[in-house]
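Index from 1, following the sequence.
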Amino acid sequence: NLSPIKANNADISLEWYFNKTGSVYAAGFYKDVQGFIFTRQTTGVTIGGLTGYTLSAPENSGDGKVKGFEVGYQQFFDFLPGFLSGLGMQANFTYADSKAPTSLVGFSAPLTQLSKTSYNIVGIYEKHGVSLRVAYNYRSKFLSSILGGAYTDAAGALHTFTWPVYTKGYGWLDASFNIDVTKHFTLSFDAQNLLRTQIQQYYQVQTRPGQFTIDDRQFMIGVRLKY
């Protein structure tokens with residue numbers, strides 16, 4: 001029963017390539033969106049005659065807006081001597097401000113899954129058949145969903161509530177390494193979540209903790225053959 005999302009967008013960007021391997025850029029954006037989709041959690045739902053279920057379901061809300069900017073930089077330091085000339089880096093920063101009505105009357109919120117600020121820093125090495133990348137990514141807190149429901153107190157009075165469910169800001173560190181043993185044979189090694197980052201959700205304020213998860217570190221080794 002979801003309606004399609006429609007948007008009118010305005011974007012502007014400026015890029016400067018200051019040498020063969022380096023550039024900087026800045027971009028601004030504005031989006032007027034109709035039909036934002038929010039995930040609403042409703043407690044006390046009755047299903048098959050049984051009460052007490054919590055139902056999560058996507059719903060269309062009203063019109064909303066997203067605006068912000070992004071800046072970025074990338075360069076290989078090929079002016080360095082010898083093997084150091086393979087060093088490089090990439091970096092970017094994004095700011096996004098959003099606001100939209102939700103399926104709950106009178107309650108507006110940021111767009112779900114969209115952090116207000118985020119940045120990425122990547123160290124690179126490319127030389128003599130060796131490729132290495134170490135990337136740190138960070139995003140600030142963001143709205144995960146909206147929890148709405150009702151409960152009865154000890155006196156028998158019915159109370160309703162609406163709580164935004166937030167995910168706390170977190171950073172993530174990944175790395176990858178590839179080496180060309182021959183022109184036909186490449187070894188690869190990938191590592192994810194090296195910091196063993198814990199992702200934390202909370203209800204409205206951080207003193208109401210919710211879900212805590214850790215994807216844990218992951219390591220992958222692979223080979224590539226080219227003929």
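Listed here is the closest heavy atom pair of Gln192 and Asp174: CA-OD1, 3.1 Å. Pairing each heavy atom of Pro164 with each of Leu143, the nearest pair is CB-CD1, 3.6 Å. The two residues Tyr125 and Phe83 have their closest heavy-atom pair at OH-O, 2.8 Å. For the pair Glu126 and Arg133, the tightest heavy-atom approach, listed with the atom from each and the gap, is OE2-NH1, 2.6 Å. Summarising the geometry of Ser188 relative to Arg224, their closest heavy-atom pair is CB-NH1, 4.2 Å, with the distance given to 0.1 Å. The minimum heavy-atom distance linking Gly171 with Tyr138 is given by the pair N-CD1, 3.7 Å.
Looking at Tyr227 and Leu225, their side chains come closer than 4.5 Å, going by heavy atoms from C-beta outward. Residues Phe77 and Met89 are in side-chain contact: their nearest non-hydrogen atoms beyond the backbone lie under 4.5 Å apart. Side chains of Val134 and Val122 form no contact here, defined as non-hydrogen atoms less than 4.5 Å apart. Contact check for Thr117 versus Phe93: side-chain heavy atoms found under the 4.5 Å cut-off. With a 4.5 Å cut-off on side-chain heavy atoms, Thr21 and Phe79 do not count as touching. Side-chain contact between Arg196 and Ile214: present, with at least one pair of heavy atoms (C-beta onward) separated by less than 4.5 Å.
Crowding of Ile12 atom CD1: a count of heavy atoms from other residues, nucleotides or ligands under 6.0 Å not exceeding 12. Crowding of Phe219 atom CZ: a count of heavy atoms from other residues, nucleotides or ligands under 6.0 Å exceeding 12.
Between Phe189 and Phe177, the gap from one ring centroid to the other reaches at least 6.0 Å.
When only modelled atom types and interatomic distance are considered, Ser144 and Thr167 share a side-chain donor-acceptor pair under 3.5 Å. Checking Tyr95 against Glu70 by side-chain atom types alone, no donor-acceptor pair falls below 3.5 Å. Counted by atom type alone, Gln201 and Gln211 present zero donor-acceptor pairs between their side chains at under 3.5 Å. Looking at Ser85 and Lys127, their side chains do bring a donor and an acceptor atom within 3.5 Å of each other.
Between the side chain of His184 and the backbone N or O of Lys226, at least one donor-acceptor pair lies under 3.5 Å.
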Exercise for review: Carefully, step by step, assess Thr186 and Asp180 under the rule side chain to side chain donor-acceptor pair (under 3.5 Å).
Suggested key: CA-CA 4 Å; Thr186 301; Asp180 295 331; 2.7 Å; yes

**Study point:** Asn8 vs Asp32, side chain to side chain donor-acceptor pair (under 3.5 Å): CA-CA, chis, key distance, verdict
**Key:** CA-CA 5 Å; Asn8 297 315; Asp32 185 3; 4.6 Å; no

Check your understanding: Checking side chain to side chain donor-acceptor pair (under 3.5 Å) for the pair Gln200/Tyr202: CA distance, chi angles, key distance, verdict?
Key -> CA-CA 7 Å; Gln200 304 177 16; Tyr202 58 91; over 6 Å; no

Exercise for review: Verify side chain to side chain donor-acceptor pair (under 3.5 Å) between Arg139 and Ser115, making sure each step is shown before the conclusion.
Suggested key: CA-CA 6 Å; Arg139 61 182 304 182; Ser115 295; 2.9 Å; yes

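A cation-pi arrangement, defined by a distance under 6.0 Å to the six-membered ring centre and an angle within 45 degrees of its axis, is present between Lys141 and Tyr166.
Taking the six-membered ring where the residue is Trp, Tyr119 and Tyr136 present tilted rings, their angle falling between 30° and 60°.
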